Amino acid sequence: MDATTLDDFGSSAVTSSAKVVSIGSDGTADDGLSRRRSTATATTAGNKLLQLRPQYNSITLGNRQRRQHDVLPSKYDHGSKAKYQTMKLVACVVAAFAAVSMTIIHYLFINGTSVLSRQSCAVGAQKPSSQSIILTASHLRQGSDGELRLRIIEHNLRLLFSAKDEYKPLKSITIFSLDGTQEEGVHGMVDEWRQGSVGGMVDDVMFVENDAVLVDASKWMAALYKILPDIERTNARVMLMNDSFLLHRNVPELLDDNCGGVCGLAWTAPPNDPERHIQSYLRSVSACEAHNYMAFYEKSRGSVHNVNELIQLFEMNLDWTSSTTGSVSAEYEYAGAHPDADEAQRALISRGYPAIKLKKFFETSDPWLSQDDGARPRLPPSFSAVVYRKMNHDLNHLSEDDLENHFVEWGKDEGRIYSATRKLVVKRWMEEELRKMGEACESTMGILEDYLDALNGSIAAIARSSATE
């Protein structure tokens, strides 16, 4: 993804101090109190250990709540007072230790000092992985948008699990960031979703607080801290993905240890271009490179103040990886343009490229786009700065004049959404390519059409809202 394409990262994520609640495969809540992790995971563990202090901490699970202070084991309900006092004293000591640890780690974060250290990941010198783990990041809202996001995640997981027997043991964790006011409703949506057809494909669910700057990098990090001991024990290969794309085939090549320490779909530039990288919406990392990614995150997160800086540091920059040859690879070589560009999309999909970006499969049905520059006005008659800003989140800091200039210079050629009145339609060549694939792509086409209907509805709502202001 280049600096003008937001959807390689999602819209929000978790801060380092965010409360994380995990729902296991058996449907029970796990706030982490019964788990102890190494110093390397103290950022997350410290927050949870603090919850041992005698206080009322509610853990939400659908519409159910329980108070930790009220769930002492039954043997203490009528046991000796001395034993209970001893237990309280131990809890207070542990909480005090955790508080000191958190203070130190927070200081290290603020001052850009990494708790984890970078490792050397020499290709061929690493143990084979004995497990594959998929981490899916998504910002979930209650209602039709959230339901569509769940369909997208389920669709992609179903394809990934379709060849499960070809992989080492496969585990899947989904990390949702939430809008606080909708938390209870979203928990209920996810409960129903997991009880349905997605069931066995999601081993664990995590709910984290929003972070509109660190977005998916932060969501993945919350999960990586939680499963770091498991990654190290099994030398697991980890797939990092979000909900900004649809697969139309399985991608076992990304979970193959031979693809490198960091493996993505396509290179974005030719070999000698300093901005050459692989997009972050779908890539896999070895256990060693997962460790390096976490160490880099700890060191660099304080340098990120907006989404463009996030893109520069956590996607385009690959300095956090091992410096050994072959540590970063892509399944497809540079196709003559950025993979999101229309001409590159056409070339790649015809060669079996497996993913369709959800912001790149459509175009605006507007005759202005096909007119010669000299014969048309500078801006389309239907151009709306409000729509352009709200539908392209990486531009939300620009003034109205800057938005217009951005569209003229870049937006019109990038397929950006800009019109309040012109409908979005599936690119004709894209529909033809997918129809050629037959029944295998019926689900993909159905979701793309529903996604487009929802997008057109959102644009119409923005236009109505701006007209009344």
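Fair warning: this is a prediction, and the values are worked out from it, not measured in the lab.
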Fill in the blank from the handout: Residue set satisfying side-chain contact (heavy atoms from CB on, under 4.5 Å) with Thr364, at least two apart, ordered chain then number -> Asp366, Leu369, Tyr418, Ser419, Arg422, Leu424
Practice task
Name all pairs fulfilling the ring pair (Phe, Tyr, Trp, His ring centres under 6.0 Å) condition that reach into residues 250-275, sequence neighbours left out, sorted by first residue then second.
Solution key: none
Handout entry: Test side-chain hydrogen bond (donor to acceptor under 3.5 Å, both in side chains) applied to Glu449 - qualifying residues, sequence neighbours left out
Key = Arg435
Exercise for the section: Name all residues meeting the side-chain contact (heavy atoms from CB on, under 4.5 Å) criterion together with Met189; count only those two or more places apart in sequence or in a different chain, and write none if there are none. Expected result: Gln142, Glu147, Leu150
Fill in the blank from the handout: Applying side-chain contact (heavy atoms from CB on, under 4.5 Å) to Ser197 and not counting sequence neighbours gives Glu154, Arg158
Handout entry: Asn292: partners by side-chain hydrogen bond (donor to acceptor under 3.5 Å, both in side chains), with sequence neighbours left out
Key = Glu289
Practice task
Please identify each residue that fulfils side-chain hydrogen bond (donor to acceptor under 3.5 Å, both in side chains) with Gln131, with sequence neighbours left out.
Solution key: Asp230, Thr234
Completion exercise
ring-ring contact (aromatic ring centres under 6.0 Å, His included) filter on Phe245, not counting sequence neighbours, yields Tyr281
Handout entry: Under the side-chain contact (heavy atoms from CB on, under 4.5 Å) test, residues paired with Asp145 that sit two or more places apart
Key = Arg141, Arg149
Practice task
State, to 0.1 Å, how close Gly261 and Arg237 come at their nearest heavy-atom pair, and which atoms those are.
Solution key: O-NH2, 3.9 Å
Practice task
Verify the distance criterion only: is there a donor paired with an acceptor across the side chains of Asn306 and His397 at less than 3.5 Å?
Solution key: no
Exercise for the section: Please collect all salt bridge (charged side-chain N to carboxylate O under 4.0 Å, His left out) contacts where either partner lies in residues 342-351, sequence neighbours excluded, each pair once. Expected result: Asp342-Lys427
Exercise for the section: Mind checking side-chain hydrogen bond (donor to acceptor under 3.5 Å, both in side chains) for Ser303 and listing every partner two or more places apart, or none if nothing turns up? Expected result: none
Exercise for the section: State which residues pass ring-ring contact (aromatic ring centres under 6.0 Å, His included) with Phe383; sequence neighbours excluded, sorted by chain then number. Expected result: Tyr388, Phe407
